[in-house]
Asker: 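Have a look at this one.
By convention in this document, chain letters (A, B, ...) are assigned in the order of the sequence lines, proteins followed by strands, and residues within each chain are numbered from 1.
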Protein chains: 2
Amino acid sequence: MARPRGYDRDTVLDKAMSMFWRLGYEGAHLAALVEHTGLNRFSLYKEFGGKAGLYEAALDRFLGYLLGQYRDILTVQPQGLENIEAVLRSLQYGSEYYGCFMINTLTQRDSVPPGAYDRAVAGAGEIEALYRANLAGALARGQIAAASDIAGLGKMLQTLDQGLHIQGLAGTTDAQKDAIITAAMAGLQAR
Amino acid sequence: MARPRGYDRDTVLDKAMSMFWRLGYEGAHLAALVEHTGLNRFSLYKEFGGKAGLYEAALDRFLGYLLGQYRDILTVQPQGLENIEAVLRSLQYGSEYYGCFMINTLTQRDSVPPGAYDRAVAGAGEIEALYRANLAGALARGQIAAASDIAGLGKMLQTLDQGLHIQGLAGTTDAQKDAIITAAMAGLQAR
DNA sequence: CCATTTACAGACCGATCATTCTAAAATTCC
DNA sequence: GGAATTTTAGAATGATCGGTCTGTAAATGG
């Protein structure tokens, strides 16, 4: 017994994510958000509580996508270097955005809502754990040297991963990112 | 025959850099900049032309620092893996800031003045060239495999470098960054 | 010690910010 | 089809934005 809403929540979040991603928290003005998302001001406050809530919800949606993708690839059995290479390569294609919304949130720590920063840190932690699990698998299967430092390598892979998200910002092409990944994987193999 | 200025240009730029760094271009409000830098509004416009000019000048100063550090270490003769490891380790200590101002400028491309983005891209290009020169030296000295892809490895090192600047944002300690670098260098050695 | 020059502190400006409110439009239940 | 309910569009709101202007303080040259 009410007027149906004229917007789709997920569509709104995707648009908002895109804007926050490119413009940052402060750079994405409410007027622009209202115009592009199709969600009117009043409903924005009713649904998300305000700009900060919209940002956190958009980040949640992004992290849902991102972590889903990581989980899908990095839990394939048996875990090992194949999964690691696959996930690195999967990240390099098809993004219409700039860099990575999670990383942008980390770099803009003092401007984004505190809750958003906390979620980004938690997301990064989960990704690191997934890398470590696959390194452990690689070790068990003899793919990497027996003396390998799993923790160090796990963080190294995540570092490379994060760096790849930055690379594109200064014009690095997909082909060049492929070469980066190939070079990095070559260094990982047992010798 | 005039009143002497009550501020030091370099000190002002250091303070402004710190604020833009942490808060982003839009997040660093003019009132806060005026308060923290000690430079009053009027002089800010006379000296830098406005907020955008101040940002670009602060980025220039940062890039001067950063590129100077890279040049100092990466032009030591003979060039090779020692320089690369030295520069990676040098980046991990003593920063009171969050991440890297150059990378922040790249990630906030659509919010910072266009001139700032262009300078950041140019800076990244110079750093990559320095890495490549040392990889060429390493190849000539037999430190890395003869079949190595210098261009790919150069971008890979820069990717790792950029990732290291991100790592600290989510709580990675200096000791952990050391382990990351050790793991990465192990993969580079000729075998 | 006065004239000149420059920097200073702070008031002022229109524009725009995030947020709140008001009233009309749209849908469902009865 | 009328009452109830919810969304809509858009007009206020006070605060604050970046930028400009005005008058005063501080220094030097003569």
Asker: Are B/F101 and B/Y55 close enough that their ring centers fall under 6.0 Å?
Answerer: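 Close enough - the centres of the two rings lie under 6.0 Å apart.
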
Asker: Could you check whether B/A28 gets within reach of a base, just the sugar-phosphate, or nothing at all, counting any heavy atom under 4.0 Å?
Answerer: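 Contact class for B/A28: sugar-phosphate only.
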
Asker: Over how many whole Å does the gap from A/D8 atom CG to D/dT8 atom P extend?
Answerer: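 Atom CG in A/D8 sits about 12 Å away from atom P in D/dT8.
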
Asker: OH of B/Y7 versus C1' of C/dC8: gap in Å, rounded?
Answerer: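 Roughly 11 Å, once rounded to whole Å.
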
Asker: Would you kindly give the CG-to-C1' distance between B/L54 and D/dG19, to the nearest whole Å?
Answerer: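 For the pair B/L54 CG and D/dG19 C1', the rounded distance is 14 Å.
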
Asker: Which whole-number value in Å describes the distance from B/F20 CZ to D/dG18 C1'?
Answerer: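 So the two atoms are 11 Å apart, to the nearest Å.
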
Asker: Salt bridge between A/E82 and A/R141, side-chain N to carboxylate O under 4.0 Å?
Answerer: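 Yes, charged N to carboxylate O under 4.0 Å.
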
Asker: What I want to check is whether the side chains of A/R89 and A/T182 have a donor and an acceptor closer together than 3.5 Å.
Answerer: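 Yes, because at least one side-chain N or O of A/R89 sits under 3.5 Å from a partner of the opposite role on A/T182.
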
Asker: Give the rounded distance in Å between these two atoms: NZ of B/K46 and P of C/dA9.
Answerer: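 Taking NZ of B/K46 and P of C/dA9, I get 15 Å after rounding.
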
Asker: Take the protein atom OH of A/Y45 and the nucleotide atom P of D/dT7, then report the distance between them rounded to whole Å.
Answerer: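 That distance rounds to 17 Å.
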
Asker: How many angstroms lie between CG in A/L44 and OG1 in A/T37, if you round to the nearest 0.5 Å?
Answerer: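 A/L44 atom CG to A/T37 atom OG1 measures 6.5 Å (nearest 0.5 Å).
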
Asker: Tell me the closest heavy-atom pair linking A/A136 and A/I150, and the distance in Å.
Answerer: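 Heavy atoms only, the tightest pair is N-CD1, 4.1 Å.
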
Asker: Once you build an axis from the first five pairs and another from the last five of the helix from C/dC1-D/dG30 to C/dC30-D/dG1, how far apart in angle are they, to 10 degrees?
Answerer: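 Inter-axis angle at the termini of the helix from C/dC1-D/dG30 to C/dC30-D/dG1: 0°.
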
Asker: With sugar-phosphate meaning primed atoms plus P, OP1 and OP2, does A/S43 contact a base, only sugar-phosphate, or nothing at under 4.0 Å between heavy atoms?
Answerer: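 Base contact - A/S43 has a heavy atom under 4.0 Å of at least one base atom.
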
Asker: Does B/K51 place a side-chain N or O at less than 4.0 Å from the phosphate oxygens OP1/OP2 of D/dG19?
Answerer: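 No.
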
Asker: Rounded to whole Å, how long is the line connecting atom CZ of B/F42 with atom C1' of D/dT22?
Answerer: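 Going from B/F42 (CZ) to D/dT22 (C1'), I get 10 Å.
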
Asker: Between CG of A/L67 and CZ of A/F62, what distance do you get to the nearest 0.5 Å?
Answerer: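 Spacing of CG (A/L67) from CZ (A/F62) equals 8.5 Å.
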
Asker: Do B/R41 and D/dG19 have a side chain to base donor-acceptor pair shorter than 3.5 Å?
Answerer: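 Such a pair is found, so the answer is yes.
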
Asker: Which atom pair, heavy atoms only, marks the closest approach of B/A16 to B/L33?
Answerer: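 Heavy atoms only, the tightest pair is CA-CD2, 4.3 Å.
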
Asker: Starting at CG of A/L33 and ending at C1' of C/dC17, how long is that distance when rounded to a whole Å?
Answerer: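 Taking atom C1' of C/dC17 as the reference, CG of A/L33 is at 12 Å.
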
